[in-house]
Amino acid sequence: MDASLLPRHIGIIMDGNGRWAKKRLLPRTAGHIQGAKAFRRCLRHCIDLGIGCVTFYAFSTENWKRPKEEVNAIMKLFSDYLDEGLDISEDDVVMRFIGDVTPLSDALKKKISDLQSDTADNHGLVCNIAVNYGGRDDILHAVKRLIKEGADPETLDEAALSDKLYTAGLPDVDLIIRPSGEQRISNFLIWQAAYAEYVFMDVLWPDFSEKDLDAAIEEYSKRNRRFGGI
Ligand code: IPE
Ligand code: IPE
Ligand code: MG
């Protein structure tokens with residue numbers, strides 16, 4: 001595909017792990033384990049395709065409502081992932097976490113900050129993992145920073161606010177993919193997605209394959225983006 005037709009920034013809502021497990025009469029955690037494998041596959045494929053930036057929605061500010069055992073199992077999976085290291089050449093990717101990491105355990109926070117600093121100077125794809133992320137929280141957090149820094153309401157503009165978001169410096173999201181059949185944004189990148197294209201797919205996240213990513217990008221490449229123009 002012509003590189004100019006590729007999205008510069010893809011957002012992926014990794015949804016459907018619980019239903020994948022339920023269909024197999026397995027505990028929900030089994031779905032999250034399979035989901036982590038799908039994440040690795042998809043990240044690798046994004047690198048192979050030459051995508052510049054991808055954001056994976058892993059845990060929302062609302063997901064704390066889930067049973068404690070499930071939340072703990074998800075946190076353990078993050079931790080295991082960070083221990084195992086990337087099964088891709090670390091040189092190929094800049095890993096960042098977006099969202100409010102404050103409530104995470106100290107051990108997890110340390111692993112996150114180590115991975116971020118180890119990959120910060122790389123030049124490949126920027127991979128954001130959204131953990132305890134909410135679009136509203138992102139905007140609120142940005143506004144608080146602007147106020148603390150004494151921003152002037154007369155001159156404040158959209159670029160200045162964008163620059164305080166967790167995604168500062170990255171392009172707005174062009175394509176949001178949501179598997180699992182749900183057709184909603186669930187508080188993901190709401191500012192950054194103002195002009196995103198959406199592709200909703202019926203596949204459950206643990207089954208999401210390279211072909212599904214290709215199909216979503218293909219669909220995106222056919223859309224006529226007008227941004228309010230004609
Ligand atoms: C997504 O899968 C993972 C997280 C939100 C952490 P779900 O756990 O939401 O799976 P379903 O939607 O119940 O199938
Ligand atoms: C969105 O999925 C959040 C993540 C995938 C991390 P949810 O399963 O939490 O979303 P809702 O509750 O169906 O909107
Ligand atoms: Mg869900």
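Whatever order the structure lists them in is the order used to number ligands and atoms, beginning at 1.
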Axial cation check for W20 ring with R24, 6.0 Å and 45° limits
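Verdict for W20: a cation-pi partner in R24.
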
Per-atom contacts of ligand 1 with [X], taking only distances under 4.0 Å to non-hydrogen atoms:
X	result
R66	4 (C), 5 (C), 7 (P), 8 (O), 9 (O)
D15	1 (C), 2 (O), 7 (P), 9 (O), 10 (O), 11 (P), 12 (O)
I74	6 (C)
R19	11 (P), 12 (O), 14 (O)
G18	7 (P), 8 (O), 10 (O), 11 (P), 13 (O), 14 (O)

Determine whether a donor-acceptor pair (N or O, by modelled atom type, separation under 3.5 Å) exists between the side chain of Y57 and the backbone of Y133.
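Side chain of Y57 to backbone of Y133: a pair is present.
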
N/O donor-acceptor pair under 3.5 Å between R40 side chain and A36 backbone:
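No: the side chain of R40 does not pair with the backbone of A36.
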
Do protein heavy atoms approach atom 13 (O) of ligand 2 to less than 4.0 Å?
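Yes, there is one.
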
Proximity to ligand 1 by part of [X], non-hydrogen separation under 4.0 Å:
X	answer
N63	side chain
S180	neither
E182	neither

Separation of L5 CG from D2 CG (nearest 0.5 Å)
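Separation between the atoms: 4.5 Å.
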
So which protein heavy atom does atom 2 (O) of ligand 2 come closest to, and at what separation?
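Nearest neighbour among protein heavy atoms for atom 2 (O) of ligand 2, to 0.1 Å: R178 NH2, 3.6 Å.
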
Which residue and atom name correspond to the protein heavy atom nearest atom 6 (C) of ligand 1, and how close is it?
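Residue, atom and distance for the closest contact: A58 O, 3.3 Å.
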
Is it the case that one hydrophobic cluster holds both W191 and I98, taking links as side-chain heavy atoms less than 4.5 Å apart, direct or via other members?
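They do share one cluster, since a chain of ILVMFWY contacts under 4.5 Å joins W191 to I98.
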
Yes or no: does K65 have any heavy atom under 4.0 Å from an atom of ligand 2?
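So K65 does not count as touching ligand 2.
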
At a 4.0 Å threshold, what atoms of ligand 2 neighbour a non-hydrogen atom of [X]?
X	value
R184	11 (P), 13 (O), 14 (O)
F59	6 (C)
M14	5 (C)

Got [X] and [Y] here, is their nearest side-chain heavy-atom distance under 4.5 Å?
X	Y	value
F188	V173	no
D100	V131	no
F39	F56	yes

Sub-3.5 Å N/O-N/O distance, W20 and ligand 1:
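It does not: no N or O of W20 is found under 3.5 Å from an N or O of ligand 1.
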
Looking at D15, pick out the N, O or S atom nearest to the Mg ion (ligand 3) and give its name.
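This residue's closest N, O or S atom turns out to be OD1.
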
Quick check: does S60 get an N/O under 3.5 Å from an N/O on ligand 2?
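In this structure, S60 places no N or O atom under 3.5 Å from an N or O of ligand 2.
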
Under the side-chain hydrogen bond (donor to acceptor under 3.5 Å, both in side chains) rule, what do E62 and N187 come out as? Steps first, then yes or no, please.
CA-CA 9 Å; E62 287 73 37; N187 204 10; 3.2 Å; yes

May I ask you to check whether over 12 heavy atoms, not counting those of D121, lie within 6.0 Å of atom CG?
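Incorrect, the count does not exceed 12.
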
Does G31 come within less than 4.0 angstrom of ligand 1, counting non-hydrogen atoms of the residue?
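Distance cut 4.0 Å: G31 fails for ligand 1.
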
What pair of heavy atoms forms the shortest contact from V203 to P179, and how long is it?
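Result for this residue pair: O-CB, 3.1 Å.
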
Distance alone, cut at 3.5 Å: any donor-acceptor contact between the side chains of Q192 and H9?
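No donor-acceptor contact under 3.5 Å links the two side chains.
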
